[in-house]
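Bear in mind that the values here come from a model prediction, so they are computed numbers and not experimental data. By convention in this document, chain letters (A, B, ...) are assigned in the order of the sequence lines, proteins followed by strands, and residues within each chain are numbered from 1. FYI, side chains are in, hydrogens and waters are out, and symmetry mates aren't considered; it's all heavy atoms of this structure.
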Protein chains: 2
Amino acid sequence: MRKLPAKLASQLYGAAELIAERGLDGTKIEDIAEATGIPKATIYYHLDGKNAVLEFLLGDLLDMIAGAVGVAVASEENARTRLEAAVQAQLGVMLEHPSLCRALVGDLGRATRLPELAAALRTAFYEPIEQLLAEGVSDGSLRQVADPGAVALSVFGAITLAGLSAAVEGPSADPSADAARLSAAVSELVLDGLATPGSRDQRRSEPL
Amino acid sequence: MRKLPAKLASQLYGAAELIAERGLDGTKIEDIAEATGIPKATIYYHLDGKNAVLEFLLGDLLDMIAGAVGVAVASEENARTRLEAAVQAQLGVMLEHPSLCRALVGDLGRATRLPELAAALRTAFYEPIEQLLAEGVSDGSLRQVADPGAVALSVFGAITLAGLSAAVEGPSADPSADAARLSAAVSELVLDGLATPGSRDQRRSEPL
DNA sequence: TCGTAGTTGTACTTCCAGTACAAACCATGA
DNA sequence: TCATGGTTTGTACTGGAAGTACAACTACGA
């Protein structure tokens, strides 16, 4: 797989909608050729087959997310505030690229089986959150939890599912407003939880 | 698709590991035939192709989850406690059937494109949580949130991702202990959030 | 004993990913 | 101007796997 001229790369995005709709299986190479305007022979000249098309598209999405989250996480605020920013950043990118997201869910299996993508997935989503959790404990803005790995994963899940489902609902008129609304809801959950103060004492209290 | 004799159904589970490992694409019908001991012709006699195999397996998993969560949700406790029980129930089932879970992630795309599965997914995961959220507001054990739909989805995401990743880690020696540990972590997140009390006032306070 | 439903092997068709290859097409620089 | 080498593209082909057809066989109940 060579490094794909810019023009072709941009044309390739024309296949995202198609793949999101039908899945990669349901999409023939000829369909992709037609949708993108790149002839089949040319696709095969540059890419190692159908999977590589998906790999390219998703790699790009993941890079965008990793970039946006990276920026959000790098500020001078406390970890808690940066976590909110990260949530918003991730959801912002996701809602701006709904069909890439749909393609991602749809062919997640293939994606995680493609080793490079699995790694990109880790760096885009999971690692920044895990990092933040640790820093929040240091700066006192986030609680210490018993199993940080599991919690990071859950937070990741909470954000991602929310974004994914929004993406599946279909593209919205104002993605950034939606992202703001959604990320408020998700941050609220992740930071403050759902329990009422009153119900808290019904629990066997074990300080962590 | 007729209603599959019990013997064949049980044999079909022999394909779960295979599909989890390689994905449905990477698995030939002949492979499934060999792994399950059901000849290809017989598979086609009962099922409408490869997708139907997946549909059957995942439908079963989803039924199990829906069942377990349904029981958890039906108790007399307050909503908060039932939410904890639901988390534990879902994770319990997931960790007991890791390869089905792995197959589910891997071919989620196909799954959500299969309409019946999408519906099963909704009833297994999403609806009970949404329901619980509403009841928690009534009985005072859970907070009122601005966007219950989004929050339900996020909670679902938090639980599911945790379970999925545990399933991917490979089967454990003691699934129920793992489930207990994991669900404690997830419940902690979902109920109490991550913010420290101290950091809470740094926020523009708007009573919901 | 017959009929009906399931079981299975074998051979076939169809479809599509991926390959081969040759002809054009373009840039570069000599 | 021409030669060279990467790129582009059409066309035809190969191979493999999904799904179908069908006939022979089994088992069971009426």
Side-chain angles (χ1 to χ4, degrees), chain A residues 1-59 103 106-107 109-111 113-117, chain B residues 1-59 103 106-107 109-111 113-117:
Chain A
M1 206 170 105
R2 302 141 197 87
K3 54 207 151 299
L4 210 52
K7 187 188 170 192
L8 289 187
S10 79
Q11 282 179 282
L12 258 195
Y13 280 90
E17 182 67 27
L18 211 58
I19 294 175
E21 211 62 54
R22 313 186 196 163
L24 196 60
D25 296 335
T27 311
K28 290 178 270 198
I29 281 280
E30 309 274 11
D31 297 339
I32 295 177
E34 193 177 353
T36 59
I38 311 170
K40 173 176 152 175
T42 306
I43 295 176
Y44 275 106
Y45 181 77
H46 289 284
L47 298 170
D48 298 343
K50 233 162 77 157
N51 277 353
V53 174
L54 185 69
E55 194 174 341
F56 167 77
L57 291 175
L58 298 190
D107 293 282
R110 220 183 245 94
R113 248 166 250 125
L114 265 30
E116 303 174 34
L117 271 188
Chain B
M1 206 170 107
R2 302 139 196 88
K3 52 206 152 298
L4 210 55
K7 185 187 172 192
L8 289 187
S10 80
Q11 280 178 285
L12 258 195
Y13 280 89
E17 182 66 29
L18 212 57
I19 294 176
E21 210 63 54
R22 314 186 195 162
L24 196 62
D25 297 334
T27 311
K28 290 178 271 196
I29 281 280
E30 309 274 10
D31 296 340
I32 295 177
E34 194 177 352
T36 59
I38 311 171
K40 174 175 151 175
T42 305
I43 295 177
Y44 275 107
Y45 180 78
H46 289 284
L47 298 170
D48 299 342
K50 232 159 79 153
N51 277 354
V53 174
L54 186 68
E55 195 174 339
F56 167 77
L57 290 175
L58 298 189
D107 293 282
R110 222 184 242 93
R113 246 166 257 124
L114 265 31
E116 303 174 36
L117 270 187

Listed once per pair and sorted, the side-chain hydrogen bond (donor to acceptor under 3.5 Å, both in side chains) pairs that draw on residues 31-40 of chain B, sequence neighbours left out | B:R22-B:D31
side-chain contact (heavy atoms from CB on, under 4.5 Å) involving B:P5 - partner list, sequence neighbours excluded | B:L8, B:H46
Got a sec, which residues hit side-chain hydrogen bond (donor to acceptor under 3.5 Å, both in side chains) with B:N51, two or more places apart in sequence or on another chain?
-> B:R110
Residue set satisfying side-chain hydrogen bond (donor to acceptor under 3.5 Å, both in side chains) with A:E30, at least two apart, ordered chain then number -> none
Interatomic distance, A:I43 CD1 vs D:dT8 P [rounded to whole Å] | 12 Å
Is any side-chain heavy atom of A:L12 closer than 4.5 Å to a side-chain heavy atom of A:L47?
-> yes
Between CG of B:D25 and C1' of C:dA17 the distance, given in whole Å, is 12 Å
Roughly, in whole Å, what's the span from CD in B:E34 to P in D:dA17?
-> 13 Å
Provide, to the nearest angstrom, the distance between the CG atom belonging to B:L24 and the C1' atom belonging to D:dA18.
-> 11 Å
Note, B:I19 side chain near B:V53 side chain (heavy atom, < 4.5 Å) | yes
Bending between helix ends of the helix from C:dT1-D:dA30 to C:dA30-D:dT1 [5 pairs per end, 10° resolution] | 10°
Distance, nearest 0.5 Å, that separates NZ of B:K50 from OG1 of B:T27 = 6.0 Å
With respect to the phosphate group of C:dG6, does any side-chain polar atom (N or O) of B:Y45 fall under 4.0 Å of OP1 or OP2?
-> yes
Report the distance from atom CG of B:L47 to atom P of D:dA18, rounded to the nearest whole Å.
-> 14 Å
For residues 10-19 of chain A, the side-chain hydrogen bond (donor to acceptor under 3.5 Å, both in side chains) pairs (sequence neighbours left out) are A:Y13-A:D60
In chain order, what residues pass the side-chain contact (heavy atoms from CB on, under 4.5 Å) check against A:A9, with sequence neighbours excluded?
-> A:L4, A:F56
Round to a whole Å and report the spacing from CD1 of A:I38 to P of D:dT7.
-> 15 Å
Which nucleotides of nucleotides 19-24 of chain D have their base under 4.0 Å from a protein heavy atom (B), which only their sugar-phosphate (S), and which neither (-), written as one string 5' to 3'?
-> BB----
Closest to side chain of A:T42, choosing from D:dT8, C:dC16, C:dT7 | D:dT8
